[in-house]
2 protein chains.
Amino acid sequence: MKESSNATSLRASFSDGVFPAGCPSRTVLDHVTSKWGVLILVALSEGEQRWSDLRRRADGISEKMLAQTLKTLERDGLVNRSAQAVIPPRVDYSLTDRGYELSTLLVPLVTWAFDNADDILHGQR
Amino acid sequence: MKESSNATSLRASFSDGVFPAGCPSRTVLDHVTSKWGVLILVALSEGEQRWSDLRRRADGISEKMLAQTLKTLERDGLVNRSAQAVIPPRVDYSLTDRGYELSTLLVPLVTWAFDNADDILHGQR
DNA sequence: CCGATTGCTTCCCGAAAGTTAGTACGCACT
DNA sequence: AGTGCGTACTAACTTTCGGGAAGCAATCGG
């Protein structure tokens, strides 16, 4: 098994191979790999969507968690929120450029999880 | 912003764009995107390592969480555990083929988080 | 016999995540 | 007049996560 070039580039960031506890990347990683964060980002990778669309697509999410997750992602500059002052209110969410870049990393991950899920959960003794 | 080819392949899995609540991939995704799971998998992507190495590299992890995370990843068939009956005990952990495949998706994610962390946390109003 | 070593396990507790239910708004429709 | 819609926010509550500390096992060097 050869070392991947990716691992090499990681080495450039963490030369001693230690992921420091206080490192800012930890916080960011926690946000973007959160249970709902991943699903929201991946859903938005297909384009702008409304609150109710996201609620439906991230099946099982509560309104509280949807609001909270979107707020975090917006604060992190990964998601754009555009509210129109119409009745009933209409709010569209979309990815920022940075968010889109991130989503190109997350989509393969979700796809992988989907492709391997049955094997993984079935093969447990 | 064009639709990525990744999003297209996702579409093949979730044709209606909904990520079902009970879907097995949810469970797998939760395991592999867990706070410590990501770090352990990425650390192991550089090769076999001992318990104490992992404890040091995933800085800040408690022994309890290290044991729990490794057990989950092992049950999922992503990590190999090989214990030698010597005193003091020596236990080596490594990635399975499937785990290695997964790590090639996670490493870019961690690298991205590291590269963007300062911008993200600094740019918040 | 003492303590060091390594890899865990167990227990307790506080923090965080998450759910459910209730509130609001302002207009359109019945 | 009353009800529903879409997008929230808040409070109250429950469940899970996770840290810290302690204990344990087995052997070896002193």
Side-chain angles (χ1 to χ4, degrees), chain A residues 18-23 26-41 43-44 48-76 79-94, chain B residues 17-23 26-41 43-44 48-76 79-94 121:
Chain A
V18 173
F19 307 117
C23 184
R26 282 284 188 91
T27 307
V28 172
L29 211 48
D30 284 351
H31 292 180
V32 306
T33 64
S34 70
K35 171 170 179 161
W36 299 114
V38 175
L39 296 183
I40 297 296
L41 287 166
L44 285 175
E48 189 173 65
Q49 274 161 85
R50 302 187 59 179
W51 164 280
S52 49
D53 294 329
L54 293 173
R55 180 147 172 52
R56 179 178 49 83
R57 299 195 49 184
D59 188 28
I61 195 173
S62 65
E63 296 196 336
K64 176 188 168 182
M65 289 315 296
L66 180 54
Q68 201 176 96
T69 304
L70 284 171
K71 209 178 294 179
T72 300
L73 294 177
E74 195 196 348
R75 282 208 340 155
D76 286 350
V79 164
N80 283 319
R81 178 182 187 279
S82 86
Q84 298 170 47
V86 296
I87 298 295
R90 178 191 176 99
V91 184
D92 290 296
Y93 294 92
S94 59
Chain B
V18 173
F19 308 116
C23 184
R26 282 284 188 90
T27 306
V28 171
L29 211 50
D30 284 352
H31 292 179
V32 306
T33 64
S34 70
K35 170 170 178 161
W36 298 114
V38 175
L39 296 184
I40 297 296
L41 288 165
L44 285 175
E48 189 173 66
Q49 275 160 85
R50 300 186 61 177
W51 163 279
S52 48
D53 293 329
L54 292 172
R55 181 150 172 49
R56 181 178 47 82
R57 297 194 49 184
D59 188 27
I61 195 173
S62 65
E63 296 196 333
K64 176 187 169 180
M65 288 315 295
L66 180 55
Q68 195 177 105
T69 304
L70 284 170
K71 211 177 293 181
T72 300
L73 295 177
E74 196 196 348
R75 282 206 342 153
D76 286 350
V79 163
N80 284 319
R81 177 182 187 277
S82 85
Q84 298 169 45
V86 296
I87 296 295
R90 178 191 175 100
V91 185
D92 291 296
Y93 293 92
S94 58
L121 297 182

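Throughout, a chain's letter reflects where its sequence line sits, starting with A, and its residues are numbered from 1. Fair warning: this is a prediction, and the values are worked out from it, not measured in the lab. The basis for the numbers below is simple: all heavy atoms, side chains too, and nothing from hydrogens, waters or symmetry mates.
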- Item | Letter per nucleotide, 5' to 3', of nucleotides 19-27 of chain D [B base touched, S only sugar-phosphate touched, - untouched; heavy atoms, 4.0 Å] | BB-----BB
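- Residues satisfying the salt bridge (charged side-chain N to carboxylate O under 4.0 Å, His left out) criterion with B:D59, sequence neighbours excluded, are absent altogether.
- Rounded to an integer number of Å, the gap from CG of B:L39 to C1' of D:dG18 is 15 Å.
- Here the P atom of nucleotide D:dA8 and the CZ atom of A:R55 are 12 Å apart, to the nearest Å.
- When the salt bridge (charged side-chain N to carboxylate O under 4.0 Å, His left out) test is applied to B:D30, no partner is found at least two apart in sequence or on another chain.
- The salt bridge (charged side-chain N to carboxylate O under 4.0 Å, His left out) check on A:R90 picks up A:D92, with sequence neighbours excluded.
- When the P atom of D:dG6 is taken as reference, atom CZ of A:R90 falls 11 Å away, rounded to whole Å.
- Residues satisfying the side-chain hydrogen bond (donor to acceptor under 3.5 Å, both in side chains) test with B:E63, not counting sequence neighbours, are B:R55.
- Partners of A:K64 under the side chain to side chain contact (heavy atoms under 4.5 Å, CB included) rule, at least two apart in sequence or in another chain, are A:S62, A:Q68.
- Applying the side chain to side chain contact (heavy atoms under 4.5 Å, CB included) test to B:A67 and every residue at least two apart in sequence or in another chain returns B:W51.
- Considering only residues two or more places apart in sequence or on other chains, A:R56 meets the salt bridge (charged side-chain N to carboxylate O under 4.0 Å, His left out) condition with A:D53.
- Counting all heavy atoms, side chain and backbone alike, B:A58 lies closest to B:L39 at CB-CB, 4.5 Å.
- Along DNA chain C, read 5' to 3', the first and last nucleotides having any atom under 4.0 Å from a heavy atom of chain A are C:dG18 to C:dC27.
- Rounded to whole Å, the distance from CH2 on A:W51 to P on D:dC5 is 17 Å.
- Contact annotation: A:R50 side-chain N/O to D:dG6 OP1/OP2 distance is not under 4.0 Å.
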